[in-house]
Undergrad: 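Okay, handing you the structure first.
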Amino acid sequence: MRDLVDWLATLAPEDNPGSELGLAELIDLIAGLEQVMGAIAAAQARATAHFGRATVREALANRASLPKARSSIAPQIALARRCSPATADRHLGLARALPGMPHTRAALTAGIIDERSATAIVRETNVLNPELRARVDELIAPRLATSSLKQLTGAAARYAAELDPAAVVAKHERAMSERGVWTRPAPDGMAYLSIFGPLTGIVSAYAALHRHATAVVAGHHETDDGETPADPLAERTHTQVMADAALRWLSGLTPGQACPVALNLVMPAESLFATEPANTDITTTDSTATEATTTGDENTAAGQTPKFGGTQAHPSDSDSAHPIPAPATRRGPRSAETPARIPGHGILPAALARRLLLHGCEPPGAARTMPPQHDSSPPCAGHPDRNRVADPAQVFLTRVFTSPDGRDLLALDATARLFPPRLRAALILRDDRCRTPYCDATIRHADHIQPVAEGGPTSLHNGQGLCARCNYTKELPGFTTQLLEAQPEHAAGPHTHVTEVTTPTGHTYRSVAPPLLD
């Protein structure tokens, strides 16, 4: 495998102009490497299937718990493939299904299709028994070399529905039980709001938004008095009106009204309170960064601490002592335009963060003297506070004590309020996402690295933020996590939190806490 990696590095080298390939040869190389990717995916699937079977056999031989052994398979695959456990579940499902689908397996091995296409076919046929799945594989075989991913997905779904409609209906019923709403970060200070629900409901909601936006663009959407536009166009496009209306209807807000939510924003004091353009000569004489946390009234305000929805902490977390902040030391230059960070969502430019924060700091008197504003309501819905006057957000600032270089979290101000236990807040603030390597899921559990039953203290150093699945995986036989001393090769400072995960096969994977500010 190492020889293969080294050989691939010699193809089309950028530092050797004499070996440049012609246009046709470059296309052949690109196509050939695409085939290699399919063959590699097939080999990974075979190895994954062997690993799963061997794990079960070993558990049987050792008279160990079979459910725990099976639960340990996907997490180990995730670490080996540097992906999340949920993605590893899909890889494992593909590996187990391919032996019963010889045409799909052969096409993947030959590089005719890629891993995404094979996974889509398996996903659409996972409710069928082995005989019917093999029949779908036979029916779809002539189309494997000439169809796109979407075409193969549709063909597999159609054949599955024809061969066993009852199973497909049962699959739909299970999918209905999984409906929900999620958010995920997007670039440039934006985010996605995803609603997973029945097709009829989603299409109906979209049609209502489309009709509303069409009326607004045409200038026909007015209030009851027929004079004031309920939703002024204000040079927005059709899609922008749809997005604004969807968020407003879901929040039940009128224009300018603040929404009760905590949006946590981490930024250094130099950029939070900057009054001049960017200046790389700014220095400070302590190890304190300022955290602004908005609560109570602002849906877009800037604050700075982790988001706590759904987080579960150990009962004793609220009683733990925080580490003592490092003594005042001179820190290197930091720009007034150092970006801010929303834990779990990403980076915001300093100017945008300041604008969002100041939007929540308007004098209360100015907001209350504003004339009432009208707003459109969602179809068949009313809101008792439809004409309420917009109030400013409440903004709370909490000091965050960092290492002298600003990289690592040491403690939170003990006077912070309106938040869950402070130690859990510090864990989420420091770790940002699940600390299991490559997982990147939202933090749900505040975990003791050394369990309390083994004498582990409830402290920032012995804590880590994990998603629920990784926290349960950590307790499976053969999985261990230990603290390491930070070393220069970790791209870390002397205060950086570093852990090492060991799997039942003896493989180790390192997890380094992300930089707090830089």
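Numbering starts at 1 and runs along the sequence shown.
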Undergrad: With a 3.5 Å distance limit and no angle check, can you tell me whether R179 reaches the backbone of G197 through a side-chain donor-acceptor pair?
TA: no
Undergrad: Test of understanding: with side-chain hydrogen bond (donor to acceptor under 3.5 Å, both in side chains), list the residues that count as partners of N471, not counting sequence neighbours.
TA: H445
Undergrad: Any chance you could measure I112, atom CD1, to L144, atom CG, to the nearest 0.5 Å?
TA: 7.5 Å
Undergrad: Would one find more than 12 heavy atoms of other residues, nucleotides or ligands at under 6.0 Å from atom CD of E475?
TA: yes
Undergrad: Please say whether more than 12 non-hydrogen atoms of neighbouring residues, nucleotides or ligands are located less than 6.0 Å from CH2 in W7.
TA: no
Undergrad: Mind checking what makes salt bridge (charged side-chain N to carboxylate O under 4.0 Å, His left out) contact with K171, not counting sequence neighbours?
TA: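 Expected list: none.
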Undergrad: Can you sort out the partners of H461 under ring pair (Phe, Tyr, Trp, His ring centres under 6.0 Å), two or more places apart, ordered by chain and number?
TA: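 Testing H461 for ring pair (Phe, Tyr, Trp, His ring centres under 6.0 Å), a comparison that skips the adjacent residues, returns H497.
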Undergrad: Is there side-chain contact between H507 and L79, with at least one heavy-atom pair below 4.5 Å?
TA: no
Undergrad: Can you tell me if CZ on R53 sees more than 12 non-hydrogen neighbours from other groups inside 6.0 Å?
TA: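 Result for CZ/R53: enclosed.
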Undergrad: Just by distance, do the side chain of E454 and the backbone of P451 share a donor-acceptor pair under 3.5 Å?
TA: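 Between the backbone of P451 and the side chain of E454 there is no qualifying donor-acceptor contact (under 3.5 Å).
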Undergrad: Strictly distance-based, threshold 3.5 Å: is any side-chain N or O of S511 a donor or acceptor partner for the main-chain N or O of R435?
TA: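 Looks like yes, one N/O pair under 3.5 Å.
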Undergrad: Among residues at least two apart in sequence or on other chains, which ones pass ring pair (Phe, Tyr, Trp, His ring centres under 6.0 Å) with H210?
TA: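 Residues passing ring pair (Phe, Tyr, Trp, His ring centres under 6.0 Å) with H210: H238.
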Undergrad: Could you tell me whether the side chain of E115 and the main chain of T119 form a donor-acceptor pair under 3.5 Å?
TA: no
Undergrad: Taking the inter-plane angle between the rings of Y509 and Y438 on a 0 to 90° scale, is it parallel (under 30°), tilted (30 to 60°) or perpendicular (over 60°)?
TA: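 Perpendicular, since the angle between the ring planes exceeds 60°.
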Undergrad: Check whether any side-chain N or O of D164 sits under 3.5 Å from a backbone N or O of L128 as a donor-acceptor pair, and report yes or no.
TA: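 No: the side chain of D164 does not pair with the backbone of L128.
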Undergrad: Test your reading of the model: is there a side-chain donor-acceptor pair from D447 to the backbone of Q464, 3.5 Å cut-off?
TA: no
Undergrad: Just to verify, what does S84 make a side-chain hydrogen bond (donor to acceptor under 3.5 Å, both in side chains) with, not counting sequence neighbours?
TA: T87
Undergrad: Does T48 use its side chain to pair, donor to acceptor, with the backbone of Q44 at less than 3.5 Å?
TA: yes
Undergrad: Please check if the number of heavy atoms outside L23 that lie under 6.0 Å from its CG is greater than 12.
TA: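 At most 12 heavy atoms, drawn from other residues, nucleotides or ligands, come within 6.0 Å of this atom.
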Undergrad: List for me each residue that meets side-chain hydrogen bond (donor to acceptor under 3.5 Å, both in side chains) alongside E500, sequence neighbours excluded, and say none if there are none.
TA: Q482
